[in-house]
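Note sheet for the following structure.
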Number of protein chains: 2
Amino acid sequence: MKGAGKRDARPRFDRIYTLMRSRICMLDYPPGMRLREEDLAEEFETSRTPIRRVLARLEDEGFLRSMHGVGTIVTDIDIDSLQQVYQLRVELAELVGKLSPVPPDAARRAEFRALLARCDHLRGAPDAREFARINTDFFHLLMTLTANEPLREFSERLYYQTTRIWLKHAARLTRYEDMLEAEIRFFRHEVSDIVAAIESGELEVVGHIRRSHVAMSFARLYAEAHPQSP
Amino acid sequence: MKGAGKRDARPRFDRIYTLMRSRICMLDYPPGMRLREEDLAEEFETSRTPIRRVLARLEDEGFLRSMHGVGTIVTDIDIDSLQQVYQLRVELAELVGKLSPVPPDAARRAEFRALLARCDHLRGAPDAREFARINTDFFHLLMTLTANEPLREFSERLYYQTTRIWLKHAARLTRYEDMLEAEIRFFRHEVSDIVAAIESGELEVVGHIRRSHVAMSFARLYAEAHPQSP
DNA sequence: GTGCGGTCATTTGTACACAACATCATGCAG
DNA sequence: CTGCATGATGTTGTGTACAAATGACCGCAC
């Protein structure tokens, strides 16, 4: 059973890892779900060994938890842990554009404008999954503004951790549709502000805008989860 | 129900992982060295499988690089990458004591004072490895000042990356002995400052002191490596 | 001497069988 | 009926044989 293009191990590893992480963060694998190595091996047409390599990394990064004799389950995160993650994410957000800033070229700036257009299109037809996708694409675009590799790596970890939890808590809300529409408006505003800052070449300003929006995003989420406001 | 159950495979994994990371960072495994899975399996009295689990994590964290048919080699880092790591480390240093600060109790404060005593003892008999050990112990003590788990994890990654490179570059210098003695004095000064700040309960000040000392430490290293001073 | 091609040794990557472990169902004693 | 011991069942962890891949070595043509 020789598959085409499967000879090298790293591309396949990256493919499976990225896909599984995406599934976890899009809640296709919701928190608490049990993953069977055998099933995954079958799906990706391989044996358990390469699968276990991927699961090990996802476990090291806190997305999964394997227990001998029990299974591999998708982790859940309480609101307190989430707060810690958000606090750090806020700080790192400001560092993008401050550490090793990379001014975007014309093509990159066009990508930012294209994403703004996707926002406008989304407002016409609100959809949580599409919102999450645009959010992720926007995040990766922002990461191109810094050349600091450790900063990019850590920001990515924190982003994916918070995103999946955001989706989970959002799905619980009763006024879900209204909330989604409001969040899309907030997000569109953020993208608009940042695109403007980018066009003017102020990368440090981008960091400040991003920081405040991430912080406000968490504040709204926290307020929804703790509705004991006076 | 949560039992007092302790995972079986985990302690051994942690033991091997910690030991190997220590060896890498103490340059017992110098950059470029080739590690053979078979040898490691024999040393730790197990098979290649658990070893590969450890190597996978060390590779994900950037300490190793495995290549099919070649071997697993300890990575090297150029001065530019090191600069990026240091820049981020400086920023994170300041966040300790700012995010989820944990005031140290009497026992913990005693540990800080004990470490200061070890510094004084070290000044009488300068030794690079002992210096590195005290440095690491001090780092871990500082990490107890914050409860922010992601911050602790990332700081640890960056610390170990920079430490091993510091040792490597330091070992190259001709005036190695003088430089070591000077660095020990600088370090003793830093510990003294931080202990004073801790005794006065100013955790945010601790972050500032640490930040400036980490930055200055890199500046000295960078100056030594690029001796084109005017 | 130099370049080239093939052969071989060495090492990591993969597949699979089995062991270790946890959970749940079952049956029996009280 | 309840409580507990015990085995059945399923899952991850480990050991091991083999496949794949790289680099070194050697021989040979020119």
Side-chain angles (χ1 to χ4, degrees), chain A residues 1-20 23-24 29-76, chain B residues 1-20 23-24 29-76:
Chain A
M1 45 190 282
K2 277 282 192 71
K6 283 186 186 171
R7 293 177 205 84
D8 207 352
R10 193 141 330 195
R12 181 179 68 173
F13 171 83
D14 289 337
R15 209 187 76 238
I16 299 178
Y17 165 78
T18 303
L19 181 55
M20 289 198 61
R23 286 178 180 173
I24 292 173
Y29 295 156
M33 179 175 179
R34 219 173 71 212
L35 303 177
R36 292 190 337 114
E37 299 178 349
E38 202 84 39
D39 290 348
L40 294 168
E42 189 180 357
E43 175 184 353
F44 294 107
E45 295 175 318
T46 179
S47 74
R48 281 177 57 209
T49 307
I51 296 297
R52 285 179 59 78
R53 175 69 177 84
V54 173
L55 294 183
R57 175 156 179 180
L58 289 169
E59 182 174 5
D60 288 337
E61 296 183 340
F63 293 107
L64 300 176
R65 174 97 188 197
S66 289
M67 282 170 297
H68 193 175
V70 179
T72 303
I73 64 171
V74 180
T75 56
D76 198 358
Chain B
M1 284 300 179
K2 47 183 61 178
K6 200 78 178 74
R7 280 85 190 169
D8 223 352
R10 196 127 194 166
R12 182 177 68 170
F13 170 82
D14 288 338
R15 208 187 80 238
I16 301 178
Y17 166 77
T18 304
L19 181 55
M20 289 197 63
R23 286 179 180 173
I24 292 173
Y29 295 157
M33 179 175 179
R34 220 174 72 214
L35 303 177
R36 293 190 340 112
E37 299 178 350
E38 201 84 40
D39 291 346
L40 293 168
E42 188 180 356
E43 176 184 351
F44 293 106
E45 294 175 319
T46 180
S47 74
R48 282 176 56 207
T49 308
I51 297 297
R52 285 178 59 77
R53 174 72 177 80
V54 174
L55 295 182
R57 174 155 178 182
L58 289 169
E59 183 175 4
D60 287 339
E61 295 183 343
F63 292 107
L64 299 176
R65 172 100 189 197
S66 289
M67 282 170 298
H68 193 174
V70 179
T72 303
I73 64 171
V74 179
T75 56
D76 198 358

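All heavy atoms count here, side chains included; hydrogens, waters and symmetry mates do not.
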Original post:
Do R15(B) and E45(B) meet the salt-bridge criterion of a basic N to acidic O distance under 4.0 Å?
Top reply: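 Answer for the salt bridge query: no.
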Subject >> Salt bridge present between D60(A) and R53(B) (N-O < 4.0 angstrom) >> reply: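 Counted as a salt bridge, because a side-chain N and a carboxylate O are separated by less than 4.0 Å.
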**OP:** Decide side-chain contact (heavy atoms from CB on, under 4.5 Å) for L19(B) and F44(B); before the verdict, give the C-alpha distance in whole Å, the side-chain angles of both, and the deciding distance to 0.1 Å.
**Re:** CA-CA 11 Å; L19(B) 181 55; F44(B) 293 106; 3.8 Å; yes
Categorize [X] for me: base, sugar-phosphate, or nothing, with a 4.0 angstrom heavy-atom threshold over every strand shown.
{"X": "R52(A)", "result": "base"}
{"X": "I73(B)", "result": "nothing"}
{"X": "R34(A)", "result": "sugar-phosphate"}

Would you mind reading off the distance between [X] atom [atom1] and [N] atom [atom2], rounded to a whole angstrom?
{"X": "L55(A)", "N": "dG13(D)", "atom1": "CG", "atom2": "C1'", "answer": "13 Å"}
{"X": "E38(A)", "N": "dA15(C)", "atom1": "CD", "atom2": "P", "answer": "12 Å"}
{"X": "I51(A)", "N": "dG13(D)", "atom1": "CD1", "atom2": "C1'", "answer": "16 Å"}
{"X": "F44(A)", "N": "dT14(C)", "atom1": "CZ", "atom2": "P", "answer": "14 Å"}
{"X": "M67(B)", "N": "dG13(C)", "atom1": "CE", "atom2": "C1'", "answer": "14 Å"}
{"X": "E37(A)", "N": "dC18(C)", "atom1": "CD", "atom2": "P", "answer": "18 Å"}
{"X": "L64(B)", "N": "dT11(C)", "atom1": "CG", "atom2": "C1'", "answer": "15 Å"}
{"X": "R36(A)", "N": "dG13(D)", "atom1": "CZ", "atom2": "C1'", "answer": "16 Å"}

Using a cut-off of strictly less than 4.0 Å, decide whether [X] has a side-chain nitrogen or oxygen near OP1 or OP2 of [N].
{"X": "S47(B)", "N": "dT14(D)", "answer": "no"}
{"X": "S66(A)", "N": "dT12(D)", "answer": "no"}
{"X": "T46(A)", "N": "dT14(C)", "answer": "no"}

Please determine whether any donor N or O and acceptor N or O are separated by less than 3.5 Å between the side chain of [X] and the base of [N].
{"X": "T49(B)", "N": "dG15(D)", "answer": "yes"}
{"X": "H68(B)", "N": "dA20(D)", "answer": "yes"}
{"X": "R12(B)", "N": "dG13(D)", "answer": "no"}
{"X": "R10(A)", "N": "dG13(C)", "answer": "no"}

**OP:** Ignoring hydrogens and angles, tell me if any N or O in the side chain of T75(A) forms a donor-acceptor pair with the backbone of F63(A) under 3.5 Å.
**Re:**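 Yes; judged by distance alone, with no hydrogens or angles, the pair exists.
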**OP:** Name the residue closer to the 5' end of DNA chain D, choosing between G71(A) and R48(B) according to the nucleotide with the nearest heavy atom.
**Re:**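 Counting from the 5' end, the first nearest nucleotide belongs to G71(A).
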**OP:** I would like to know whether I73(A) and L35(A) meet side-chain contact (heavy atoms from CB on, under 4.5 Å); could you show each step before the answer?
**Re:** CA-CA 6 Å; I73(A) 64 171; L35(A) 303 177; over 6 Å; no
Subject >> Whichever of G69(A) and P50(A) has its nearest DNA chain C nucleotide further upstream toward 5' >> reply: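 Looking at DNA chain C, the more 5' nearest nucleotide goes with P50(A).
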Original post:
Got more than 12 heavy atoms from elsewhere within 6.0 Å of CD, E42(A)?
Top reply: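 No, because the 6.0 Å sphere around CD of E42(A) holds 12 heavy atoms or fewer from other groups.
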Original post:
In terms of heavy-atom contacts, does CD of E38(A) have more than 12 from other residues, nucleotides or ligands at under 6.0 Å?
Top reply: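 Not buried by this count: 12 neighbours or fewer within 6.0 Å.
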**OP:** Only counting residues at least two apart or in another chain, list the ones meeting salt bridge (charged side-chain N to carboxylate O under 4.0 Å, His left out) with E61(A).
**Re:**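 Salt bridge (charged side-chain N to carboxylate O under 4.0 Å, His left out) list for E61(A), sorted by chain: R57(A).
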**OP:** For the helix from dG1(C)-dC30(D) to dG30(C)-dC1(D), figure out the bend between the end axes, five pairs an end, and round to 10 degrees.
**Re:**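 That helix gives 10° between its end axes.
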